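Since the structure comes first, as C-alpha cells, the remarks are kept for the end.
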Amino acid sequence: MPELPEVETIVRALRPRVQGRRLLGVDVLDPVLIPGLDGLSIPSRVRKTSRRGKYILLELEPGVLLVHLRMSGRLLWGKTPPEGRIRLVLRFAHGNVYLVDQRRLAQVKYLPRFEDGLGPEPLGDLSWLPQALARSRMPIKGWLLDQRKIAGIGNIYASEILFRAGIDPHRPANSLTPKEVGVLARAIPKVLTEAIAGKGTTLADSEYRQPTGELGGFQLRLSVYGRAGKPCPVCQTPIRRAKISGRSTYFCPSCQT
DNA sequence: TCATCCCTGTGG
DNA sequence: CCACAGGGATGA
C-alpha cells in the first residue's frame, strides 16, 4: 500500500527514534526467509535511516537492512507488541520497530550494500523526463508506475498526478506534447509533496499507518482515486474508472485529455 | 505488455 | 463464489 509519501512519512518518524542508536536484536516471528539476516552481527549501530523509491533503508555497521512494505506492511514504533501479524521485531534499548504485515508480502533483506535498478527520484531534478517519455509507447499511467523509469509513484498518486496535469492516463507516453510534459513535471512533485505534508493516504480499508499508529490525512485531499461515479472536483463530470496496466485507474473524462 | 503468482482478507 | 486491494517479480 505505501507509496513514496507514505514511506517518506514512515522514515521521517523512525529516523529520530533509531538513527545513531544501537540495534540490539532482530526477532523473526514469521517463518519466512529473510535473505542475509544470518550474516548480521548484533549489536550494530544504525548509521542512517533513509528512503529510496518505496524502499526503507537502515544503514548498519556494516551492511544495510532493506524493508519493502509492498501492499499491507506497517512499521510501528513502540515498547509493547501492537495488534496484527507481527513478522519482525527490531529491538532497541528504548523501544522496538515492529513489522506488521497482514498479507505477508513485505520483503526484508540484509545486504552488504544497496544496489537497485530503480529510476530517478520524482522529487529531484526532472529535466530528463521529456527524453525518457519520448522513448516509450506505454500508457502514461503505466509508465509512472514503472519503478525502473521513475521510483516511488504507485497506483493512487499516478491517478492523482495525471488528474492534476489534465492528462488522460491512456495516452502513450511518447504522445505527450512538450507543453504537457512540462505540466506533468510540475504535477509530480506537487502532488507528492502535498501528500507527504498530509502524512500519506489511509483509505477506509487501508493498512497504512504512521509508525505512531496514527492514520494519514491525505485521503481527504484525493481528487479522483477511489471516487468512481462521484463528481470531478473541478467540472462535476462523474469520475470514471478503467483498468490500465492491470491496475484500477481513476480519471475525469472531461478534464483529462 | 500482459497474465500469473505471491498472500490474506473483505465486500459485492 | 468472484473481484479486488495502495506492489512487484517473472515468464511468455
Side-chain angles (χ1 to χ4, degrees), chain A residues 1-10 29-35 51-56 66-75 83-88 99-109 114-119 122 133 135-163 169-175 188 191-192 194-196 198-210 215-229 239 241-251:
Chain A
M1 12 164 286
E3 308 181 28
L4 185 152
E6 290 75 33
V7 175
E8 181 64 28
T9 300
I10 290 166
L29 304 189
D30 189 341
V32 171
L33 192 64
I34 298 182
R51 176 194 63 72
R52 173 79 174 95
K54 301 175 193 172
Y55 286 88
I56 296 160
L66 261 186
V67 180
H68 195 302
L69 297 172
R70 294 287 188 97
M71 298 287 270
S72 64
R74 297 177 180 172
L75 283 184
E83 292 295 304
R85 193 190 301 263
I86 301 173
R87 296 187 55 199
L88 186 78
L99 171 61
V100 178
D101 182 21
Q102 174 81 261
R103 290 170 67 178
R104 305 169 72 209
L105 291 169
Q107 301 277 310
V108 180
K109 290 180 194 169
F114 180 52
E115 299 166 30
D116 64 74
L118 298 175
L133 291 176
R135 277 188 266 107
S136 175
R137 291 177 303 278
M138 287 177 76
I140 185 61
K141 160 73 183 329
W143 192 95
L144 291 172
L145 287 181
D146 188 337
Q147 303 299 299
R148 294 165 304 184
K149 297 191 162 48
I150 187 166
I153 299 172
N155 209 31
I156 292 181
Y157 299 111
S159 282
E160 293 295 314
I161 286 165
L162 289 170
F163 174 77
H170 300 89
R171 295 268 303 281
N174 64 3
S175 76
I188 288 169
V191 168
L192 295 177
E194 286 178 16
I196 292 169
K199 311 282 188 184
T201 298
T202 303
L203 264 10
D205 58 348
S206 155
E207 297 293 325
Y208 167 67
R209 296 292 183 281
Q210 299 179 52
L215 307 182
F218 196 70
Q219 61 277 8
L220 304 173
R221 303 273 176 279
L222 294 177
S223 297
V224 292
Y225 187 85
R227 300 179 54 78
I239 298 302
R241 179 184 156 200
K243 198 78 119 176
I244 304 177
S245 307
R247 317 289 301 279
S248 286
T249 306
Y250 299 85
F251 64 102

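This one's a predicted model, so the numbers in the text were calculated from it and none came from an experiment. Chain letters run A, B, ... following the sequence lines, proteins first and then strands; every chain starts at 1. The figures that follow rest on heavy atoms only: side chains count, while hydrogens, waters and symmetry mates do not.
A:Thr202 places a side-chain N or O within 3.5 Å of a backbone atom of A:Tyr208 that can act as its donor or acceptor partner. At least one donor-acceptor pair under 3.5 Å links the side chain of A:Ser72 to the backbone N or O of A:Arg103. A:Glu194 places no side-chain N or O within 3.5 Å of a backbone atom of A:Val191 that could act as its donor or acceptor partner.
Proximity of A:Ser72 to the phosphate of B:dC7: no side-chain N or O atom is located under 4.0 Å from OP1 or OP2. For the OP1/OP2 pair of C:dG7 and a distance below 4.0 Å, the side-chain nitrogens and oxygens of A:Gln107 include no atom meeting the criterion. At C:dG7, none of the side-chain N or O atoms of A:His68 fall inside 4.0 Å of OP1 or OP2 (strictly under the cut-off). Applying the 4.0 Å criterion to OP1 and OP2 of B:dC6, one finds that A:Arg104 has every side-chain N and O outside that range. Of the side-chain N and O atoms in A:Arg103, none sit less than 4.0 angstrom from OP1 or OP2 of C:dG8.
Sequence order on DNA chain C of the closest nucleotides to A:Arg148 and A:Thr202 puts A:Thr202 first from the 5' end. Closest-nucleotide positions on DNA chain B for A:Arg70 and A:Gln102 were compared, and the one nearer the 5' end corresponds to A:Arg70.
Minimum atom distance to the side chain of A:Ser248 is reached by C:dA5, of the listed C:dG8, C:dA5, C:dG7. You'll find that the side chain of A:Tyr55 is closest to C:dA9, out of C:dA5, C:dA9, B:dT1. In this structure, the nucleotide among B:dT8, B:dT1, B:dC6 sitting nearest to the side chain of A:Arg85 is B:dT8. Of the candidate nucleotides C:dA5, C:dG7, B:dG9, C:dG7 has the atom lying nearest to any side-chain atom of A:Arg247.
Counting non-hydrogen atoms under 4.0 angstrom, A:Gly154 reaches the backbone sugars and phosphates but no base. Residue contacts for A:Leu203: at a heavy-atom cut-off of 4.0 Å it reaches a base atom on one of the strands shown. The residue A:Arg87 sits apart from the nucleic acid: no heavy atom pair falls under 4.0 Å. Residue contacts for A:Tyr157: at a heavy-atom cut-off of 4.0 Å it reaches no nucleic acid atom on any strand shown.
Between A:Glu3 atom CD and C:dA5 atom C1' there is a gap of 12 Å when expressed in whole angstrom units. One atom, CG of A:Leu4, and another, P of C:dG8, lie 11 Å apart when rounded to the nearest Å. Atom CG of A:Asp205 is separated from atom P of B:dT10 by 10 Å (rounded to the nearest Å). At whole-Å resolution of the value, CG in A:Leu118 and P in C:dG7 are 14 Å apart. When the P atom of C:dG7 is taken as reference, atom CZ of A:Arg52 falls 17 Å away, rounded to whole Å. Taking atom CG on A:Leu105 and atom C1' on B:dC7, their separation rounds to 5 Å, with Å as the unit. Counting to the nearest Å, the C1' atom of C:dG7 and the CD atom of A:Gln147 are 8 Å from each other. The CG-P distance, from A:Asp116 to C:dG7, rounds to 18 Å in whole Å.
Counting non-hydrogen atoms of neighbouring residues, nucleotides and ligands closer than 6.0 angstrom, the NZ atom of A:Lys149 exceeds 12 such neighbours.
Base pairing annotation: B:dG12 forms a Watson-Crick or G-U wobble pair with C:dC1, both donor-acceptor distances under 3.5 Å.
In the model, A:Gln147 has no side-chain atom that pairs as donor or acceptor with a side-chain atom of A:Tyr55 under 3.5 Å.
If you run side chain to side chain donor-acceptor pair (under 3.5 Å) between A:Asp101 and each of A:Arg85, A:Arg87, A:Arg70, A:Arg74, only A:Arg87 comes through.
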